[in-house]
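The structure under discussion appears below in the form of structure tokens.
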Protein chains: 2
Amino acid sequence: MKGIKRLAQHLDISIGTVSRALNGKPDVNEETRRRVLDAAALLGYAPNQAGRSLRRGSTNAVGFMIESNDETETNSDNFFLGVIGGLTGALLKHNLDLVVLPCSVNEDPHDYLQRIVARRLVDAVIISATQRRDRRIDLLKAARIPFIALGRTGGPDEHAWIDLDFEGVAHKAVARLAALGHRQIAVAIPDNEINLGYVFRDAFEDAMAHHRLTVDPSHIIRARSSEHGGYTIGNALLAMEKRPTAIVLVYEMMAIGLYRRLNEAGLTPGRDLAVVGFREGPQSQFLSPALTSFRMSLRDLGIGLAEGLLATMPAYADQFPQGFVHKLWPMELVEGESDAMVIGR
Amino acid sequence: MKGIKRLAQHLDISIGTVSRALNGKPDVNEETRRRVLDAAALLGYAPNQAGRSLRRGSTNAVGFMIESNDETETNSDNFFLGVIGGLTGALLKHNLDLVVLPCSVNEDPHDYLQRIVARRLVDAVIISATQRRDRRIDLLKAARIPFIALGRTGGPDEHAWIDLDFEGVAHKAVARLAALGHRQIAVAIPDNEINLGYVFRDAFEDAMAHHRLTVDPSHIIRARSSEHGGYTIGNALLAMEKRPTAIVLVYEMMAIGLYRRLNEAGLTPGRDLAVVGFREGPQSQFLSPALTSFRMSLRDLGIGLAEGLLATMPAYADQFPQGFVHKLWPMELVEGESDAMVIGR
DNA sequence: CTGAAAGCGCTTACAG
DNA sequence: CTGAAAGCGCTTACAG
């Protein structure tokens, strides 16, 4: 004998009453409820999730799909853990569990998600690393699974998403550099199909145009989103006949490799080349020179995602009536020393 | 109509036969099996996990519990993602899913795990961030849930665990520094209750004794496991009247903050103070000077954990007959420039 | 306020 | 080789 039957037998009442007491139904004698709750705590009872899910038709769990490929494995910083912290906290308030679903590098992300969805492992999903054209969106829509995307796609916006404000970052970075006298500004973007590279490039070109600056095509540098990618960017810059005086990085860790390469060439970031990083990390201020970058709260982003997701779940939509969230997450410039140089006229 | 019933109706056979065909039971006509498999693929059918779990009494899922506290959120870098990559791959071969279970900072890890276990959310568990005395071990033993710990505890070893070879790291680091002439060597350990701090300190003292070097108590420096912690270590070192000539860090990211603090004081790592980091990360070789550190494969560690866990699961024990794994994961020294100095006699 | 019963979607011994 | 039926642990309308 186990589970709710054992608890009921122990208390000598029916399993129905135990269940109602545990689930806070109103039609239970308060004395009975107290006895049930006490016994449950004593015996460490928690309802079997499979039994409950099967009966209720929902799992009480939200899935956060992450892809662990070589690039994220070797290079990703603390981004996901921070977001997860915010997510768990916000979902816990609504008695929802977060389970992180890591898609193996050996499996196609679309197939993986399809399996998860068909098996009804979770009630709702957060996807990340959105591609420009992301078939997972169609899959989730067809299956009518509530979801939110961390990252835009190139397609229509008939779903909830939150993305970092690449436009704002590009504009603030270019405005700052332009004010310091820079006219030849380069940008580093990732060399993969993740949508953010396209978004950031467009935003950068738009910002440059706004300041009546022209973008030299060779100044748009594709590299891996990693420290090593930063080093190769350094190589590319050093090999240029017409070297830019500033560069905006799409990934802050690139700064480490770029600093190294510049140092090897006897050049100093912030004196010989202005460097603006992307997201402020725990390292930004401890690098030499400290990296100018953009601040945001990962925890708040997690909370935002949770709320945006809840808004798409029928059971919670009345508490979060915002509909499909389309949000650019603001990022605030933090001055460092890495672009502390003025270009003479 | 949905699920297996719909599939059976579509094929005009019984759900029992559909189930047997899908699950590879031998007593099914091959023609029938093919039809079932084709239809399942066509309709995107995958068995409802709650129904299956309830009937089978197992979930086919393994949980990896991680704690997302302020420290790990801001500082634990790519460690977990790398391990997760190895885990998913190794478990996928046995048709087991990995779900990552992040314990909210608002919840007690023991209570969280108890809930997960009582609800039978997963068949087996990997725990990390082991405390010196970790009640989760008792909980899992009492519930008879197969598990493996990533990290030792201070208690008896009647369970499977894998831990990094702190002893090996301490010995190799001290041996190398001693050979370069260092006699005053400091060590940085974390300022929390995670067991690894105790283990590393003991290993360091043992290594020092082995080389007949004495450890100045003030040279055992407790700090946060972060870049910022490295900076405070720099402060502590600079304030000492009898400054050590070398330091061994328990967390490689501390090097960033320490480098910064030394630079501010006009000192150069590798010339004025030898620095040995812990785990080689993607940044180690791109720092200036490159950080001497220890190499290991996160992916292989994940695979090792998966195999150690499978050995504790009755259904897989015959394939992995190693019993309770107790393993120190080897780490190989990678020479950098951060300790490239020789102390005169 | 409580109990008895149905049924969620599966798998599997059993009968044929 | 296939079908009918039981039952995994819950929740919830329904009857009393």
Side-chain angles (χ1 to χ4, degrees), chain A residues 1-37 39-40 43-61 95 115-123 143 315, chain B residues 1-37 39-40 43-61 95 115-123 143 315:
Chain A
M1 185 81 59
K2 56 203 281 209
I4 199 171
K5 268 194 205 161
R6 188 160 87 88
L7 192 55
Q9 194 179 49
H10 175 83
L11 289 160
D12 199 26
I13 55 178
S14 76
I15 61 164
T17 300
V18 171
S19 176
R20 283 192 296 267
L22 252 21
N23 286 299
K25 302 287 171 185
D27 56 350
V28 177
N29 181 300
E30 274 312 316
E31 155 80 20
T32 309
R33 187 193 306 279
R34 207 186 38 70
R35 282 185 61 222
V36 172
L37 259 26
L43 301 181
Y45 172 80
N48 177 297
Q49 192 56 42
R52 176 178 254 184
S53 297
L54 187 54
R55 172 61 223 231
R56 285 196 171 159
S58 66
T59 61
N60 237 44
N95 283 313
R115 219 177 70 224
I116 297 293
V117 163
R119 291 166 63 198
R120 298 274 150 184
L121 216 54
V122 291
D123 294 340
Chain B
M1 187 80 58
K2 56 203 282 208
I4 199 171
K5 267 194 205 160
R6 187 160 88 91
L7 192 54
Q9 195 179 51
H10 175 83
L11 289 160
D12 199 25
I13 55 178
S14 75
I15 60 165
T17 300
V18 171
S19 175
R20 281 191 298 268
L22 253 21
N23 286 298
K25 302 286 171 186
D27 56 349
V28 177
N29 181 298
E30 274 312 316
E31 155 80 21
T32 309
R33 189 193 304 280
R34 207 186 38 68
R35 283 184 60 222
V36 172
L37 258 26
L43 302 181
Y45 172 81
N48 177 297
Q49 191 55 42
R52 175 177 254 185
S53 297
L54 187 56
R55 172 61 224 231
R56 285 197 170 158
S58 66
T59 61
N60 237 42
N95 282 313
R115 218 176 71 224
I116 298 294
V117 164
R119 291 166 62 197
R120 298 273 150 185
L121 217 54
V122 292
D123 295 340

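Residue numbering restarts at 1 for every chain, and letters A, B, ... go by the order of the sequence lines. The analysis underlying the following values was restricted to heavy atoms, covering all of them including side chains, and did not include hydrogens, waters or symmetry mates.
Taking 4.0 angstrom as the limit, A/N23 places a side-chain polar atom (N or O) nearer than this to OP1 or OP2 of D/dT11. Contact between the side-chain N/O atoms of B/S14 and the OP1/OP2 oxygens of D/dG3 is found at a separation under 4.0 Å. An OP1 or OP2 oxygen of D/dC8 is reached within less than 4.0 angstrom by no side-chain nitrogen or oxygen of B/S53. One finds no side-chain N or O of A/T32 lying less than 4.0 angstrom from the OP1 or OP2 phosphate oxygen of C/dC1. For B/K25, a side-chain nitrogen or oxygen approaches OP1 or OP2 of C/dT12 to under 4.0 Å. Between B/Y45 and the phosphate of C/dG9, there is no side-chain N or O to OP1/OP2 separation shorter than 4.0 Å.
The nearest whole Å value for the distance from the CD atom in A/E31 to the C1' atom in C/dC1 is 13 Å. B/R56 has its CZ atom 6 Å from the P atom of C/dT12, to the nearest Å. Distance CD1 (A/I15) to C1' (D/dT12): 11 Å, rounded to an integer number of Å. Look at CZ on A/R52: it is 17 Å from C1' on C/dG7, rounded to the nearest Å. The nearest whole Å value for the distance from the CD1 atom in A/I4 to the P atom in D/dC8 is 14 Å. Taking atom CZ on A/R55 and atom P on D/dG7, their separation rounds to 19 Å, with Å as the unit. In this structure, CG of A/L54 is placed 7 Å from P of C/dG9, rounded to the nearest angstrom. In this structure, the CG atom of B/D27 is 14 Å from the P atom of C/dC14, given to the nearest Å.
Using Watson-Crick or G-U wobble geometry with both donor-acceptor distances under 3.5 Å, D/dA13 finds no partner in any strand shown. Judged by Watson-Crick or G-U wobble contacts below 3.5 Å, the nucleotide D/dA4 has no partner.
Within 6.0 Å of the CZ atom in A/R115, the count of heavy atoms belonging to other residues, nucleotides or ligands exceeds 12. Within 6.0 Å of the CZ atom in B/R6, the count of heavy atoms belonging to other residues, nucleotides or ligands does not exceed 12. Heavy atoms of other residues, nucleotides or ligands lying less than 6.0 angstrom from CG of A/D12 number 12 at most.
Between the side chains of A/R52 and A/N23, at least one donor N or O sits under 3.5 Å from an acceptor N or O.
Nucleotides of DNA chain D nearest to B/D12 and A/G51 differ in position, and the one nearer the 5' end is that of B/D12. If you find the closest nucleotide of DNA chain D to A/G3 and to B/T17, the one lying nearer the 5' end belongs to B/T17.
Looking at A/R120, its side chain never comes within 3.5 Å of a backbone N or O of A/L54 through a donor-acceptor pair.
With hydrogens and angles ignored, a donor-acceptor pair closer than 3.5 Å exists between the side chain of B/R20 and the base of D/dG3.
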